[in-house]
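Before any comments, here is the structure.
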Amino acid sequence: MAATVTDIASGSGGIRTGNSLEAVVSFGSHMYPIQLEWSPHLAALVGILVLILLGGVLTARNRFADHNAFVAQPTPHTEEFLTDREKIQQLVRENGGRMKQSKIVDSVDWSKAKVSRLLAELEDDGRITKLRLGRENLVCLPGHEPTASQTPEQPKSE
């Protein structure tokens, strides 16, 4: 004998009240009315299960998206490998050939001491010129020094 449950609230004449559901269980030819109660604990349990399911779906989606992010970029990284000195020269070049030393420090992830040491080495090699402006240094590539800092041309003596 098979038991079946029929929701009489969905058909005509059924009653559904706040937290309960009236249904009919039939065994063969006999029908027995039952009333199912939705307790707050059952509602909380269903809510928790829904949240767990939703969290699992979102986690799986994010992992799948992260996996595809690595696969979707097959192009190799083509950035040149530059020495620290070359990086400073390139940075100054990109800023019009002149740049304050404090702006260089702000633009790179190095300490003030390292930037100062690298600039001193570049100045010794003649690759840059450092000009004192008050309490700051202006770093210039050759040929980009301000005209006021250049010495006037001496007339050639005969």
Side-chain angles (χ1 to χ4, degrees), residues 1-123 125 127-131 133-142 144:
M1 255 186 161
T4 59
V5 177
T6 306
D7 179 6
I8 60 172
S10 61
S12 60
I15 300 172
R16 185 181 294 242
T17 59
N19 290 338
S20 65
L21 170 69
E22 293 180 11
V24 176
V25 176
S26 59
F27 288 103
S29 62
H30 298 292
M31 298 180 76
Y32 302 99
I34 61 167
Q35 185 173 6
L36 301 174
E37 290 287 329
W38 285 93
S39 70
H41 299 296
L42 184 60
L45 180 63
V46 169
I48 290 171
L49 291 174
V50 167
L51 288 175
I52 290 172
L53 179 66
L54 180 62
V57 168
L58 292 175
T59 302
R61 185 193 70 180
N62 288 343
R63 286 188 182 171
F64 183 70
D66 289 344
H67 177 69
N68 284 344
F70 293 122
V71 176
Q73 298 178 12
T75 58
H77 198 299
T78 58
E79 184 178 318
E80 293 180 32
F81 292 105
L82 301 174
T83 64
D84 293 342
R85 292 170 149 200
E86 292 169 336
K87 286 179 185 176
I88 288 180
Q89 286 180 292
Q90 181 180 7
L91 182 63
V92 174
R93 193 176 309 111
E94 289 171 354
N95 284 283
R98 293 186 234 184
M99 198 171 178
K100 290 185 178 178
Q101 184 171 341
S102 60
K103 295 293 182 185
I104 294 172
V105 171
D106 293 341
S107 299
V108 294
D109 290 332
W110 304 324
S111 67
K112 290 179 183 180
K114 179 176 181 174
V115 171
S116 180
R117 180 180 49 81
L118 290 169
L119 291 174
E121 292 172 4
L122 287 168
E123 187 176 31
D125 292 345
R127 298 198 176 192
I128 63 159
T129 305
K130 281 184 3 182
L131 303 171
L133 296 177
R135 299 177 68 192
E136 293 183 309
N137 287 330
L138 181 66
V139 178
C140 304
L141 293 176
H144 290 87

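Throughout, residue positions are numbered sequentially from 1 according to the sequence presented.
- With Ile128 as reference, Val139 is the one residue of Ile88, Val139, Val92 to meet the side chain to side chain contact (heavy atoms under 4.5 Å, CB included) rule.
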Only pairs under 3.5 Å count here: list side-chain donor-acceptor contacts from residues 98-107, not counting sequence neighbours, and write none if there are none.
from: Arg98; atom 1: NE; to: His144; atom 2: O; distance (Å): 2.9
from: Lys100; atom 1: NZ; to: Glu136; atom 2: OE1; distance (Å): 3.2
from: Gln101; atom 1: OE1; to: Asn137; atom 2: ND2; distance (Å): 2.8
from: Ser102; atom 1: OG; to: Glu136; atom 2: OE2; distance (Å): 3.4
from: Ser107; atom 1: OG; to: Lys103; atom 2: O; distance (Å): 2.8

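- Thr83 is linked by a side-chain contact (heavy atoms from CB on, under 4.5 Å) to Arg85, Glu86, counting only residues two or more places apart in sequence or in another chain.
- Partners of Ile52 according to the side-chain contact (heavy atoms from CB on, under 4.5 Å) rule, which considers only residues two or more places apart in sequence or in another chain, are Ile48.
- To the nearest 0.5 Å, the span separating CG on Leu53 from CG on Leu58 amounts to 9.5 Å.
- Of all the heavy atoms in Leu82 and Gln90, the pair that sits closest is CD1-OE1, 2.7 Å.
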Quiz: residues 112-119 side-chain donor-acceptor pairs under 3.5 angstrom, not counting sequence neighbours:
from: Lys114; atom 1: NZ; to: Asp84; atom 2: OD2; distance (Å): 2.8
from: Arg117; atom 1: NH1; to: Glu121; atom 2: OE2; distance (Å): 3.4

